[in-house]
Number of protein chains: 2
Amino acid sequence: MDLLIIEDDISILRGLKDNLTFEGYQVQTIGDGLEGLKMALEHHFDLLLLDLMLPGMNGYEICRRIKKEKPGLPVIMLTARGSEMDKIAGLDIGADDYLTKPFSIPELLARIRAVLRRSKPEYDHLAEFSFANVKLDFKKFQATVNDTEIKLSSKEFSIMKYFIEHEGEVVQREDLLEAVWGYDIMPDTRTVDNSILDLRKKLEEIPSDPKHIVSVRGAGYKFNAQAGN
Amino acid sequence: MDLLIIEDDISILRGLKDNLTFEGYQVQTIGDGLEGLKMALEHHFDLLLLDLMLPGMNGYEICRRIKKEKPGLPVIMLTARGSEMDKIAGLDIGADDYLTKPFSIPELLARIRAVLRRSKPEYDHLAEFSFANVKLDFKKFQATVNDTEIKLSSKEFSIMKYFIEHEGEVVQREDLLEAVWGYDIMPDTRTVDNSILDLRKKLEEIPSDPKHIVSVRGAGYKFNAQAGN
DNA sequence: AATAACCTTACTTTTACCTTACTTTTACAT
DNA sequence: ATGTAAAAGTAAGGTAAAAGTAAGGTTATT
């Protein structure tokens, strides 16, 4: 997840960047409003943390412009208590959330997670997926094979989600480890293989001769919604 | 639409009532804070207009109590400029919107419409909900199991409301924290689990083998109106 | 003062899943 | 072809993480 922070107060900036980096976010920072706007528009970010009082261009104007050019980019405003708040509350500047200084890091993190969670309609595309006699519902965490319910663990759902997002492509074990397990690299164990084994047992007609979750020797695995290839 | 105005300044009150009545709202008014609170709690209203400075009990306290007992009732605060504003903005009193005096009637009307629009859907849909032998009345904050009244706390109602709005879907602990507790994040305690425990004790036939409020390991909880799935 | 609501802490139970170890298959070099 | 090394398949047991649960403490409410 790539975050951009536009904030001119060095000490706040430092604290924010350290904490967010520690949480695993990729963080870019910039102190000037106009340059910040440019950067936000020209590069990809998943979230923007935006101070209201800035040199160059104020946060209010930046937010307005962002929402006009890149409505999909979520923005969290950082404001001082009191009168600044009014503007934000009173005027419809389109920010997704805001925090009043001083704020606690846990609260900031919670709001970031919440905003990111909300701004994910891709999740909805994937709410349901079917192949062969298998039906997967990622919202309900429900799976059926031939209309009979099958229990999949949340990790197994997670793997299937990744497969579906990369349907037809070869995905390396390492990709799966990163996407499903996080970066906690487990060197060279059969963890992934075992999960695949379980999935095949549950979803394939003949687990030992899989038609959809096939392995590509020397490379990884490949998911095909249609049997064949 | 029934509105309640709690405001002690007679001239303001008169103006408000006339204008709102003219717009087609049913308007009740009351000048004392404590009595206003009582009235708001004991009768049905769709919206509360609440002055901050009041005899009997100040608006801040009233709002807090309302939001605790009747979280679904929208509140618009009326405040004087300046320092009063800070309190509202700074403290999390849970008001849905606020206006600073003097305000224009068109603005007031716009904000009333906006607040009603926002708060309408769930409030009405969810007036009542039944599943198994459980009946929940979110307007009266009443719950019965096998037609026997059961006491649910407002937090518990709030959780059930969220569950019902997301029936069948897996909701993460964090979703619940955000929706029910707000962002006063409690890092990683068993608060949510304990609330679930309490709910199951009250609503499930066999609390240790829940049929409706089920947990999804590694993901969160899921509410099913029908047992099974 | 008593009651209730609620959060935390700490302990117990459950189970998903990770590791280990062994077997089978495949690619390819001889 | 055929041997062999690497890759993938597979089973099973131990374990740590997640959920269940109870009890105590704090604060608000009567």
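We name chains A, B, ... by the order of the sequence lines, and we start the count at 1 in each one.
Using a cut-off of 4.0 Å between Lys/Arg side-chain N and Asp/Glu carboxylate O, B/Lys202 and B/Glu156 are scored as salt-bridged. In summary, A/Arg113 and B/Glu174 engage in a salt bridge, as defined by a charged side-chain N under 4.0 Å from a carboxylate O.
For B/Thr189, the side-chain atoms get nearest to C/dT9 when compared with the rest of D/dG20, D/dG9, C/dT9. With D/dA19, C/dA16, D/dT30 as the candidates, the nucleotide lying closest to the side chain of B/Arg65 is D/dT30.
Residue A/Ser215 places at least one side-chain N or O closer than 4.0 Å to OP1 or OP2 of D/dG9. B/Ser208 has no side-chain polar atom (N or O) that falls below the 4.0 Å cut-off from OP1 or OP2 of D/dG20. Put simply, A/Tyr221 has no side-chain N or O that comes within less than 4.0 Å of OP1 or OP2 on D/dA7. Phosphate contact (OP1/OP2 of C/dC7, side-chain N/O of B/Trp181, threshold under 4.0 Å): present.
In this structure, A/Glu174 places its CD atom 13 Å from P of D/dA8, rounding to the nearest Å. At whole-Å resolution of the value, CD1 in A/Ile206 and P in D/dT10 are 12 Å apart. Taking atom CD of residue B/Glu204 and atom C1' of nucleotide D/dA19, one finds them 15 Å apart after rounding to whole Å. A straight line from CG of B/Asp209 to P of D/dT21 spans 10 Å, rounded to a whole angstrom. As a whole-Å value, the separation of B/Leu176 CG from C/dC7 C1' is 16 Å. Rounded to whole Å, the distance from CZ on B/Arg173 to C1' on C/dC7 is 16 Å. With rounding to whole Å, A/Phe157 atom CZ is found 13 Å from C/dA16 atom P.
Aromatic ring orientation, B/Phe131 versus B/Phe223: perpendicular (interplanar angle above 60°, classes split at 30° and 60°).
With values rounded to the nearest 0.5 angstrom, B/Ile62 atom CD1 is found 10.5 Å from B/Glu35 atom CD.
For the helix from C/dA1-D/dT30 to C/dT30-D/dA1, the angle separating the two terminal helix axes comes to 30°, with each axis derived from five pairs and the value rounded to 10°.
Judged by atom type and distance alone, A/Arg217 does not reach the base of D/dA8 through any side-chain donor-acceptor pair under 3.5 Å.
Side chains of A/Asp9 and A/Ser11: a donor on one and an acceptor on the other come within 3.5 Å. Side-chain atoms of B/Tyr221 and B/Asp175 include no donor-acceptor pair closer than 3.5 Å.
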Which atom pairs, donor and acceptor, lie under 3.5 Å between side-chain atoms of residues 15-23 of chain A and protein residues at least two apart or in another chain?
residue	atom	partner	partner atom	Å
A/Asn19	ND2	A/Gly15	O	2.9
A/Thr21	OG1	A/Lys17	O	2.6

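Listed in residue order, the members of residues 190-201 of chain A having a heavy atom less than 4.0 Å from DNA chain D are A/Arg190, A/Asp193, A/Asn194, A/Leu197, A/Arg200, A/Lys201.
B/Lys222 places no side-chain N or O within donor-acceptor distance of the main-chain N or O of B/Ile213, the cut-off being under 3.5 Å.
Heavy atoms of B/Val180 sit nowhere under 4.0 angstrom from any nucleic acid atom.
For A/Phe138 and A/Phe129, the ring centers are positioned 6.0 Å apart or more.
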